[in-house]
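Below, chains carry the letters A, B, ... as their sequence lines are ordered, and counting in each starts from 1.
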Amino acid sequence: MSQVLTPKDVPLRRDRQPYAERHWGTWAGAAVAMAIVAALIASLATNKNLDYGVITRNLTAGPVLRGLLTTFVMSIVGMVIGLVLGTLVALARMSSNRVLQAVAFAYIWFFRGVPLLVQLLVWGNLGLLFATLSLRIPFTQIVLVEANTNKVVTATVAACLGLGLHEAAYMAEIVRGGILAVDVGQGEAATALGMTSSLAMRRIVLPQALRVIIPPTGNQFISLLKASSLVSVIAGGDLLTAVENISAVNYRTMELLAVASFWYLVIVSVLSIGQHFLERRLSRGHQR
Amino acid sequence: MTAQLEKPTAREALVRLSGVRKSFGDHEVLRGVDLQIDRGEVLCLIGPSGSGKSTLLRCINELETVDDGVVFLEDTPIGHIAEGGRLRRMRPRMVARQRREIGMVFQRFNLFPHMTVLENIVEAPVRVRREPIGEVRERAQGLLERVGLSTHADHYPAQLSGGQQQRVAIARALAMRPKLMLFDEPTSALDPELVGEVLDVMRGLARTGMTMVVVTHEMGFARDVADRIAFMDDGTIVEIGDPATVLGNPSHQRTRTFLTAIRR
Ligand SMILES: Nc1ncnc2c1ncn2[C@@H]1O[C@H](COP(=O)(O)OP(=O)(O)O)[C@@H](O)[C@H]1O
Ligand SMILES: [Mg+2]
């Protein structure tokens, strides 16, 4: 049986720092972590196989910067397609129309299910399936516009399409979750004021859903940016393709991967800062 | 739809419900409600929880669609068009147009949290009625004065007490210049000390001649302000009449039981 303490048994003197002596493990952990980091830095800094001159020279090389721009633009275009199409798919999924619901469901099922690498390869090789793309008046032979598929769907266009359509499937679920998180009373109050359902969605529900949508969207953007490196399989002209082209010539693989990593980290950092300010703006009216 | 289509009888009738039925699944919540509300009248709806009071209000502004019967606002059936002796469902856009004429105040306020008090009030007149923003702003300031919140225009709803939020919600509904105001237990979510300020605003509104249907458990308010009180139970209006009679000398046992229960 455990001993019962009465107030009389408890000493009245108080410790100033009751748990100070318990930081032992934390200190040990920090020491080990610092040792590992120091060893890593030392091994990289003194590594004879790593030529820092190659890194600094290629950091701002023309092809690298062009690749960087392509990666950035592709990610933005992919994300915009993802956001717009994703919102439409989410609204379709939540509509009362069964056909729209089914189409949205099938879209999410397909584009979320097939690996992005496979989707990119399909878009990049679309010419194998359709040699020409044409716009004609239905049920007639009159052709309005016709073009060589490989001319229209260049590697960059294929990359944007592939990334955007894939992203839309994920964004649809994120947007749907955001809309469902808004209190139904909000939509009812808007309806009772005479708003149509589209006005209520635009002015009342979506702005509130955005608060829930933005944080996971930031994550999506970052993973889309990194996934855009897959585009190198269809020679998309992105950052990774650019550094691979250089290392294919000078065999300095590690140095050029370091160049690519540096720029990916820069973009992600800039995006994170942007997200921070966006979230702060959207939290207007909400107390924490 | 098997509804009678004759026009409301009394000339001063603003709203008339005729044989209104509403079910959720197998559960019939409104079992044939007939009710007339005159222009300028204040009608209080009382009754036990689950008796269908909220559903009745929501059928008046078409937040719920009736299964049978008709709700008339003035001479027009809500949500339907009379065509060759039949009632046809209206397009959603037209229903929205009808709702402009009917203000509603909810138990849980439902202010838009991402907008300031002023933005909440201005939103619908500007976006729905397409009125010039300057004019609406002026009117909104006047309304805020009326509900005693003229210094709170730039606050966000989360910065206000429940009583203040509900007063803003009333101002927001009034900004659309409705012909009819519906209140669904407007003070039930409030701390007791905040109930009075909301009821005072509603009293003032009643004095201006606004037609009001108020679901409430505040018997004092009902006795003082209502022109008539309707007691609802199990989806029907059991008893309706002037406050003194319904509260003081009800003719139905169910009314007496309810009044005893809530006075305890
Ligand atoms: N959307 C709905 N779906 C299913 N049942 C509902 C719905 N709204 C109300 N009800 C049911 O209808 C009955 C009456 O509800 P309500 O009109 O809210 O009553 P009151 O406002 O008098 O308390 C209750 O039993 C409630 O559970
Ligand atoms: Mg209710």
[X] side-chain N/O to [Y] backbone N/O, donor-acceptor pair under 3.5 Å:
{"X": "B:N110", "Y": "A:G185", "answer": "yes"}
{"X": "B:H114", "Y": "A:V205", "answer": "no"}
{"X": "B:E123", "Y": "A:L193", "answer": "no"}

Count the heavy atoms belonging to other residues, nucleotides or ligands that lie under 6.0 Å from [atom1] of [X], then report whether that count exceeds 12.
{"X": "B:R88", "atom1": "CZ", "value": "no"}
{"X": "A:Q101", "atom1": "CD", "value": "yes"}
{"X": "B:R137", "atom1": "CZ", "value": "no"}

Which atoms of [X] come close to chain A, meaning under 4.5 Å heavy atom to heavy atom: side chain ones, backbone ones, both, or neither?
{"X": "B:P113", "result": "both"}
{"X": "B:R108", "result": "side chain"}
{"X": "B:L182", "result": "neither"}

To the nearest 0.5 Å, how far apart are OG1 in A:T196 and CZ in B:R127?
12.0 Å
Gap separating the CZ atom of B:R93 from the OG atom of A:S197, nearest 0.5 angstrom:
8.5 Å
Just so I understand: if I count every heavy-atom pair under 4.5 Å between each of B:Q98, B:R172, B:M104 and chain A, which residue has the most?
B:R172
Leading residue by heavy atom contact count with chain A [cutoff under 4.5 Å; candidates B:V128, B:I102, B:V95]:
B:V128
Correct closest heavy-atom pair for A:Q186 and B:F112 would be OE1-CD2, 3.1 Å
If you look at every heavy atom in A:A192 and B:F106, which pair is closest and at what distance?
CB-CZ, 4.0 Å
May I ask you to test the A:P207-B:M115 pair for a side-chain heavy-atom distance under 4.5 Å?
no
Side chain to side chain contact (heavy atoms under 4.5 Å, CB included) evaluation trace for B:N61 with A:T191:
CA-CA 9 Å; B:N61 72 348; A:T191 306; over 6 Å; no
